[in-house]
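Structure first, commentary second.
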There are 2 protein chains.
Amino acid sequence: MARRGSYAKGIAKREEILSRALEVIAREGYRGASVKELAEAVGLSQAGLLHYFDSKEELFTEILRKRDEVDVEMFGTAPDDAAIEPGELRAGYLRVIRHNAEVPGLVQLFARMNVDAVDDAHPGHDFFRTRGEGLRDAFSAELAAMQAAGELTDRVDADTLARIFQAVADGLQVQWMLDPAVDMAGIVAQLFDALRPASAPLPHATEG
Amino acid sequence: MARRGSYAKGIAKREEILSRALEVIAREGYRGASVKELAEAVGLSQAGLLHYFDSKEELFTEILRKRDEVDVEMFGTAPDDAAIEPGELRAGYLRVIRHNAEVPGLVQLFARMNVDAVDDAHPGHDFFRTRGEGLRDAFSAELAAMQAAGELTDRVDADTLARIFQAVADGLQVQWMLDPAVDMAGIVAQLFDALRPASAPLPHATEG
DNA sequence: GTCTATACTCGGATAGAC
DNA sequence: GTCTATCCGAGTATAGAC
């Protein structure tokens with residue numbers, strides 16, 4: 001009942017809801033929140049909120065999609081955006097990770113949904129699948145460029161390295177949620193350094 | 001009502017239940033199974049099963065604890081067992097990962113619980129925290145030995161490398177659940193190779 | 001110790017008034 | 001488009017018989 005047949009007004013409101021939900025979750029966290037809780041935080045009744053979305057799962061998936069959208073604007077890096085300047089991959093990636101450490105609620109929502117969406121009946125299944133692929137493809141292209149520039153080991157192909165970086169980021173999020181002292185960005189930075197060819201110069205000092 | 005005041009008989013039965021649950025989940029998968037479903041698969045009623053455990057969360061946490069127990073016997077590697085022969089870390093680790101790819105249900109259960117247990121009110125919270133620490137400590141010791149033997153880069157300290165390997169393993173599990181074609185063990189093996197010092201010899205061909 | 005039966009809670013979905 | 005009210009299912013937890 002939500003998407004089909006909505007006019008501009010409805011769509012605008014929908015986007016506004018998503019933006020507000022994003023803020024609320026980022027600020028107040030997410031502990032398996034119910035639709036009702038989120039609705040109230042956003043200034044609507046449960047039924048009012050579900051007027052715009054087909055189900056809870058779709059709602060939360062859309063929130064994450066909106067998050068990506070916002071992140072693209074903020075950081076210029078995203079699942080299907082490979083248009084960042086060469087050499088900026090590392091810095092941009094670390095910026096995103098550092099930003100994530102400021103929005104625990106979103107990290108938690110993402111982690112939960114990511115696992116749930118493994119089931120192919122989950123409304124978010126395609127989103128996560130596509131997002132992961134796009135992210136890796138863009139990343140892989142950048143990593144390949146780094147390899148070509150001699151800044152990154154070529155013992156492993158760029159696609160696999162992209163998988164590894166994605167896995168590290170996701171895995172570190174769980175470690176971080178369990179212990180907020182974990183420095184996700186610092187660890188990823190160290191991994192970049194560790195994967196530099198023996199001869200290559202250090203671009204920045206390792207942040208720790 | 002489960003643990004305290006149980007006699008040997010009760011404890012034995014409890015263990016038997018856990019073993020059976022483990023088999024069932026490994027074989028038939030886990031899709032957010034309810035206590036009732038698991039109970040029937042195990043040959044008890046829901047109430048009968050919950051006679052041995054305080055809650056659903058405790059039950060599933062104990063299943064994962066039992067899993068670790070079994071894995072220790074099978075692979076001689078575990079959260080708090082650092083007693084594997086030097087140099088065997090890599091091979092043992094890859095064995096475990098390869099084994100995991102044969103028990104999707106357990107991987108799924110683990111991933112779900114791991115995320116849920118991030119909340120410190122979750123009955124499994126301490127288990128996951130302790131398990132993670134123990135795993136990393138044991139791993140870190142082995143990695144340090146590899147560094148000392150010149151088999152692994154020393155650009156990054158062993159503790160951080162341990163975190164990275166843990167994160168990669170966890171993160172790859174999610175990728176694999178989304179796409180079973182992902183070769184978790186092969187990718188981890190390649191990461192080991194990529195982190196070898198420039199001068200070091202290859203111990204095995206990279207599997208992949 | 002295990003069952004059947006039930007109570008209770010939570011939360012998502014829906015109907016219908018405004 | 002948004003609300004109130006309600007329904008309904010799922011699923012855990014518990015009571016009580018055997």
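If you're wondering where the values come from, they're calculated on a predicted model, not measured in any experiment. So that the names make sense, note that chain A is the first sequence line, chain B the second, and so on, each numbered from 1.
Per the geometry, NZ belonging to A/Lys56 stands 14 Å off P belonging to C/dC10, to the nearest Å. To the nearest angstrom, C1' of C/dT14 lies 13 Å from CG of A/Asp54. When the P atom of C/dG16 is taken as reference, atom NE2 of A/His51 falls 17 Å away, rounded to whole Å. Here C/dT14 presents its P atom at 14 Å from CG of A/Leu49, a figure rounded to the nearest Å. Going from atom CD of A/Glu37 over to atom C1' of C/dC10 covers 11 Å, rounded to whole Å. Counting to the nearest Å, the P atom of C/dG1 and the CG atom of B/Leu50 are 15 Å from each other. Rounded to an integer number of Å, the gap from CG of A/Leu59 to C1' of C/dA13 is 13 Å. The distance between atom CD of B/Glu40 and atom P of C/dC3, rounded to the nearest whole Å, is 10 Å.
The side chain of B/Ser34 has D/dT12 as its nearest neighbour among D/dG1, C/dG1, D/dT12. With C/dA5, D/dT12, C/dA15 as the choices, the nucleotide that has an atom nearest any side-chain atom of B/Val35 turns out to be D/dT12. When the nucleotides D/dA13, D/dT2, C/dT2 are ranked by their closest atom to the side chain of B/Ser55, D/dA13 comes out on top.
Looking at B/Arg196 and B/Glu151, no side-chain N of the basic residue comes within less than 4.0 Å of a carboxylate O on the acidic one, giving no salt bridge.
Residues that satisfy the ring-ring contact (aromatic ring centres under 6.0 Å, His included) test with A/Phe165, not counting sequence neighbours, are A/Phe139, A/Phe192.
With a 6.0 Å radius and a threshold of 12 heavy atoms from other residues, nucleotides or ligands, B/Lys66 has its NZ atom above the threshold.
Between the base of C/dG12 and the side chain of A/Gln46 there is a donor-acceptor pair shorter than 3.5 Å.
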Intermediate values then yes/no, side chain to side chain donor-acceptor pair (under 3.5 Å), A/Ser34 and A/Glu37
CA-CA 5 Å; A/Ser34 65; A/Glu37 287 173 291; 3.3 Å; yes

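Of the side-chain N and O atoms in A/Lys36, none sit less than 4.0 angstrom from OP1 or OP2 of C/dG11. At D/dT2, one or more side-chain N or O atoms of A/Lys13 fall inside 4.0 Å of OP1 or OP2 (strictly under the cut-off).
Among all heavy-atom pairs drawn from A/Leu50 and A/Lys56, the shortest one is CD2-N, 4.4 Å.
Among the protein residues, A/Ser45 comes within range of the nucleic acid bases, having at least one heavy atom under 4.0 Å from a base atom.
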